[in-house]
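Okay, structure first, notes after.
Numbers restart at 1 for each chain; the letters A, B, ... are given by sequence-line order, proteins then strands.
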Amino acid sequence: MNCVLQNSEERVYSLETGVQFLNAGLQVIRGDTVAVLGEVNLEKEKSIDFDKVKANQLPPIFSNTH
Amino acid sequence: MINIFPLSLLLTAKGSDVVIEVKAGDTYDGKLELLDKFMNVKLTNVKHTSKDGNSFHGIKELLIKGNSIKYFRLNPDAEKKAQEEAEIYEQQQQQKQQKLNEQKQQRKSQNQKPRGKSYPQKQPQQRR
């Protein structure tokens with residue numbers, strides 16, 4: 001399930017500050033590292049104030065060394 | 001807008017600079033020289049950054065096994081180039097199809113014409 005993402009951004013969650021957005025541009029992601037692929041609800045996204053969101057980083061869904 | 005498959009997008013990115021992050025978390029930034037269907041990759045003039053971002057290495061030539069790659073970061077121009085090449089390919093395919101159709105029609109019209117020479121059929125010999 002190799003993926004191509006255009007105008008992509010990386011979201012970094014942390015407990016100290018709000019969500020950071022890193023611009024990642026055009027990406028090709030190798031399928032075997034993909035755990036979930038889904039459509040984003042843009043209306044719901046707009047209603048979230050990401051500056052106030054403080055959350056722990058997601059734990060790895062599978063280990064890197066398998 | 002034509003759909004482009006990930007590996008064909010990578011093929012069009014050949015010769016340009018890419019960033020590859022491997023599953024171990026290290027990143028390699030270099031010129032993409034070679035690529036195969038397993039996503040094995042040859043890079044030249046590589047800058048290697050460790051996972052924590054503290055140590056850097058310069059590497060002249062490097063082969064990465066496709067298996068160990070997490071993702072590529074590409075120049076946005078690569079997408080435009082791939083789009084153009086896909087359009088050219090599509091046009092070529094359409095032209096081929098048209099030619100095939102014309103040939104088929106020609107053959108059909110030839111088949112409808114009566115054959116040039118009809119051979120006399122052998123009469124069965126009458127037995128006495």
Notebook entry, point to check: Ignoring hydrogens and geometry, is there a side-chain-to-backbone donor-acceptor pair from B:Asn45 to B:Gly30 under 3.5 Å?
Noted result: no
Note to self: Which one wins on heavy-atom pair count under 4.5 Å against chain A: B:Ile4, B:Asn67, B:Ile20, B:Val19?
What the structure shows: B:Asn67
Notebook entry, point to check: Side-chain donor-acceptor pair under 3.5 Å between A:Gln57 and A:Tyr13, yes or no?
Noted result: no
Checklist line | Engaged part of B:Leu10 at the chain A interface, taking heavy atoms whose separation is under 4.5 Å | finding: side chain
Notebook entry, point to check: If you take all heavy atoms of B:Lys51 and B:Ala24, which pair is closest and at what distance?
Noted result: CD-O, 3.4 Å
Next item on the list: Please check if the side chain of B:Thr12 supplies one atom and the backbone of B:Lys81 the other of a donor-acceptor pair under 3.5 Å.
Entry: no
Would you give me the side-chain donor-acceptor pairs under 3.5 Å for residues 89-104 of chain B, sequence neighbours excluded?
residue	atom	partner	partner atom	Å
B:Tyr89	OH	B:Gln93	NE2	3.4

Next item on the list: State plainly whether the residues B:Asp29 and B:Arg73 are in salt-bridge range, i.e. N to O under 4.0 Å.
Entry: no
Checklist line | Contacts of residues 40-49 of chain A with chain B (heavy atom under 4.5 Å) | finding: none
Note to self: Does either side chain, that of B:Glu61 or that of B:Thr44, offer a donor lying less than 3.5 Å from an acceptor on the other one?
What the structure shows: no
Checklist line | Segment of B:Ile69 engaging chain A (4.5 angstrom heavy-atom cut-off) | finding: both
Item checked: Whether B:Ser16 side chain and B:Ala13 backbone form a donor-acceptor pair below 3.5 Å -> yes
Next item on the list: Count the heavy-atom pairs under 4.5 Å between each of B:Pro6, B:Pro76, B:Ser68 and chain A, then report the option with the highest count.
Entry: B:Pro6
